[in-house]
Amino acid sequence: MKITLIVAKAKNNVIGKDNQLIWKLSADLRRFKNLTTGHHILMGRNTFESLGKPLPNRTHLIITRNPDFQAPDGHFSFTSLVNAFIFCNKMGVDELFIIGGGQIYQESIDLCDVLEITEVECEPDGDTFFPEINPKVWKETERESFPADEKNEYPYSFVTYKKI
Ligand SMILES: NC(=O)c1ccc[n+]([C@@H]2O[C@H](COP(=O)([O-])OP(=O)(O)OC[C@H]3O[C@@H](n4cnc5c(N)ncnc54)[C@H](OP(=O)(O)O)[C@@H]3O)[C@@H](O)[C@H]2O)c1
């Protein structure tokens, strides 16, 4: 199973504040939708709460230490990352997307094969951070950069890293 991490992060590695995103970037939302639709997406319980409801056409795997947590119908919860990975292997999942948040990125980045990063050209205040990308482990293989416009409040780049 290929494991792909997807994130939008600021230059200072901030990814969120008060359990919310902190920018308006419709191109990033569109890319997230294009990449993840039809797939299994794994997230921490905080990120799931921040979504409000499941995203359409994706199977949500929610990580929580609460064994009584009830995932919505058609979605699943697990008390560890390992249990979620075992489930995906049993289900024959070909590509799993890790969609956040800060705790889950920190705990899973070493287990991923590909990082799909949106680099956002800003340095906001925040309370949740993405870990440093170790250049000895990750090689940048693609980069596309775009200016800010009326639907994207900061310049941004879509960057792909593959594990060396
Ligand atoms: N910019 C982006 O691309 C992006 C993407 C996603 C999220 N975010 C932002 O990130 C923030 C949320 O991140 P976060 O770090 O607060 O939370 P999180 O990683 O989404 O979820 C943390 C929760 O996951 C569970 N958990 C974590 N590690 C676990 C483990 N090893 N075993 C079992 N359960 C585990 C715990 O749930 P319980 O407390 O229920 O036990 C923990 O409280 C928000 O601001 C959100 O907007 C940004």
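Values in this document were obtained by computation on a predicted structure and should not be read as measured data. Just follow the structure's listing: the first ligand is 1, and inside any ligand the first atom is 1.
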Query raised in the report: Which residue owns the protein heavy atom closest to atom 2 (C) of ligand 1, what's the atom, and how far is it?
Result: Ala8 O, 3.5 Å
Query raised in the report: Is there a donor-acceptor pair closer than 3.5 Å between any side-chain N or O of Arg31 and the backbone N or O of Leu29?
Result: no
Query raised in the report: What is the closest protein heavy atom to atom 35 (C) of ligand 1, and at what distance does it sit?
Result: Ile63 CG2, 3.5 Å
Query raised in the report: So, is the end of the Arg45 side chain (NZ or CZ) under 6.0 Å from the ring centre of Phe69 and within 45° of the ring's axis?
Result: no
Requested in this report: Would you mind checking which non-hydrogen protein atom is closest to atom 47 (O) of ligand 1, with the distance to 0.1 Å?
Outcome: Gln20 C, 3.1 Å
Requested in this report: Determine whether the side chain, the backbone, both or neither of Ile99 has a heavy atom under 4.0 Å from any heavy atom of ligand 1.
Outcome: backbone
Query - Donor-acceptor contact present, side-chain Asn152 to main-chain Ser26, <3.5 Å - result: yes
Report task. Output, in order, the C-alpha distance, side-chain angles, deciding distance and verdict of salt bridge (charged side-chain N to carboxylate O under 4.0 Å, His left out) for Lys24 and Glu153. Result -> CA-CA 6 Å; Lys24 291 208 170 20; Glu153 64 177 322; 5.9 Å; no
Query raised in the report: Is Glu121 close to Lys11 at the side-chain level, that is, under 4.5 Å between some pair of heavy atoms?
Result: yes
Requested in this report: Find out if a path of hydrophobic residues (ILVMFWY) with successive side-chain heavy-atom gaps under 4.5 Å connects Ile62 to Phe85.
Outcome: no
Query - Closest approach of any protein heavy atom to atom 9 (C) of ligand 1, naming residue and atom - result: Ile15 O, 3.9 Å
Query raised in the report: Judged by non-hydrogen atoms, does Tyr105 sit under 4.0 Å from ligand 1?
Result: yes
**Report entry** Minimum-distance pair of heavy atoms, taken over all atoms of Asp28 and Ala8
**Finding:** OD2-CB, 3.5 Å
Query raised in the report: To which protein heavy atom is atom 32 (N) of ligand 1 closest, and what is the distance rounded to 0.1 Å?
Result: Thr79 O, 3.4 Å
Query raised in the report: So which bit of Met43 gets within less than 4.0 Å of ligand 1, heavy atoms only: side chain, backbone, both or neither?
Result: neither
Query - Identity and separation of the nearest protein heavy atom to atom 15 (O) of ligand 1 - result: Gln103 N, 2.9 Å
Query raised in the report: Can you tell which of Asp18, Asn19, Ile22 gets a heavy atom nearest to atom 12 (C) of ligand 1?
Result: Asn19
Requested in this report: Determine whether the side chain, the backbone, both or neither of Ile6 has a heavy atom under 4.0 Å from any heavy atom of ligand 1.
Outcome: neither
Requested in this report: Measure from the side-chain N and O atoms of Asn12 to the backbone N and O of Val14, and report whether any donor-acceptor pair falls under 3.5 Å.
Outcome: yes
Query raised in the report: Which residue and non-hydrogen atom of the protein lie closest to atom 16 (O) of ligand 1, and at what distance in Å?
Result: Asn46 ND2, 3.0 Å
Query raised in the report: Tell me, which protein residue and heavy-atom name are nearest atom 7 (C) of ligand 1, and how many Å apart are they?
Result: Thr47 OG1, 3.3 Å
